[in-house]
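This structure is a prediction, so every number in the text was calculated from the model and none was measured. All ligand and atom numbering here is 1-based and tracks the order in the structure.
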Amino acid sequence: MKSRPSVPMLTFIGGAGTVTGSKTLLDTSSGRVLIDCGLFQGHKKLRLQNWADFPVPPESIDAVVLTHAHVDHCGYLPRLAKLGFRGPVYCTDGTRQLVEIVLPDSGHLHEEEAAYANRKGYSKHDPALPLYTEQDATACLDQLETVAFERPFEVLPGVEATWRRAGHILGAASIDLHLTSHDKHVVFSGDLGRSTHPLLLPPDPVGGADVLITESTYGDRIHDDADPAEVMAATVNEAARRGGTVVVPAFAVDRTEIVLWHLDRLVDAGTVPDLPVFVDSPMACRALDVYRAEARRGSPEIRPEFHGAELFASLKLQETHNVEESKELNERLGPMIIISASGMATGGRILHHLAHRISDDRNAVMLVGFQAPGTRGDALRHGARQLKFLGHYQPVRARVVSVEMSAHADQRELVDWAKTASPKPDIVYVNHGEPDSSAALADSLHEQADLHAVCPAPGERVRLDV
Ligand SMILES: [Zn+2]
């Protein structure tokens, strides 16, 4: 039985007290909406939460609204559908295109993990099962329904949703849920991007918000704003002089595009030589097609200077689509650049490139994203002298450099964004961050913007009439 509260309620299911698994439930007298449907990622205790019973019957949810296509915001959808959710999933067109790439890949990874656990015999379940399969993921894509930016859309009687640009990745949005019978605006930030994104327009202002729910991934941090181009140019030039290869572990969606944009600019200016650039990740290649098509058609999310343009046109770009082409790269001599996933070198084709190139001091490894503790990327960043790849330890002789390129707003940017809310929210719920980051952002929102900000506990349920 559905509980139908007379007062609208929010329940913080996931992304509370942690940076993944984003899921918040809105209950109103007319139904139930889930805002984001993310997968818990990271250490085992978190990942096990993906297997827990969902706190409400999935079939009782009327609709899901998605802020963007990152797995920690949409990766639980196939599981929710498998458990009985049959309603629509509303998202922007960019998000739909990327979700169609990301979710089947996620299903495939879950299947591979289960198969590996069975081979090694380390699963508690016998046999180990995937959380969902590629087929489950493909099946749930039928539930996606596209909405336009800036156009209020009724997701339930009495609940109108408006998606506004968040400038984080293509399609990413903040969502304003207008509870029409109470005339209250409840705004979810989603993941907020930065005004420095080279291809995407910056985040839109909050608009009116009575209640604001904001992410806090970098709530305790101020980004270093040094231009990454300088480090990139030095790394590429040095490797080119030595006849070496620059290996770039990069997140397949968005980060690959940012790296290519910088390289394109450097080649165009003659700052670095025009080396062959290989994008060796099927998911990255498909995402690349989406970004290129959106620029060509003049998407309102893309900066106007790229409308109608062919992105990365200065690069000798080569995309490898199958495993054979990927392995053939091992036979190639530098100088060249290989961009491959995963971004933290935890899996994927980047492993064989690193295994093959990391012990040669002519080569360089360029880290371009967040490296979670315990990953190979993190070990490299901290100067590991040897590292295990594909079952063997390899000495690290290649030069390792880190380039900062965050797709997330920092503390100052999150506070500035919250300040654009007009009228000022009665309360701000700070979630989607590690506890220290969330607490630091809540303090800053209070001190710098005079906002009442609190960090909800996992599972906490709050009324929306205060
Ligand atoms: Zn994100």
Legend entry - Of all N/O/S atoms in H70, the name of the one nearest the Zn ion (ligand 1): ND1

Legend entry - Parallel, tilted or perpendicular: ring planes of H185 versus H178, cut at 30 and 60 degrees: parallel

Inset, instruction - Would you check if the distance from the ring center of H452 to the ring center of H446 is below 6.0 Å? - result: no

Legend entry - Presence of N, O or S from H68 under 2.8 Å of the Zn ion (ligand 1): yes

Legend entry - Candidate list F54, F85, Y132, test ring-ring contact (aromatic ring centres under 6.0 Å, His included), partner Y76, passing option: F54

Legend entry - D191 atom (N/O/S) at minimal separation from the Zn ion (ligand 1): OD2

Legend entry - Proximal heteroatom of H168 relative to the Zn ion (ligand 1) (N/O/S): NE2

Inset, instruction - Please state whether the rings of F306 and W261 are parallel, tilted or perpendicular, taking 30° and 60° as the class boundaries. - result: perpendicular

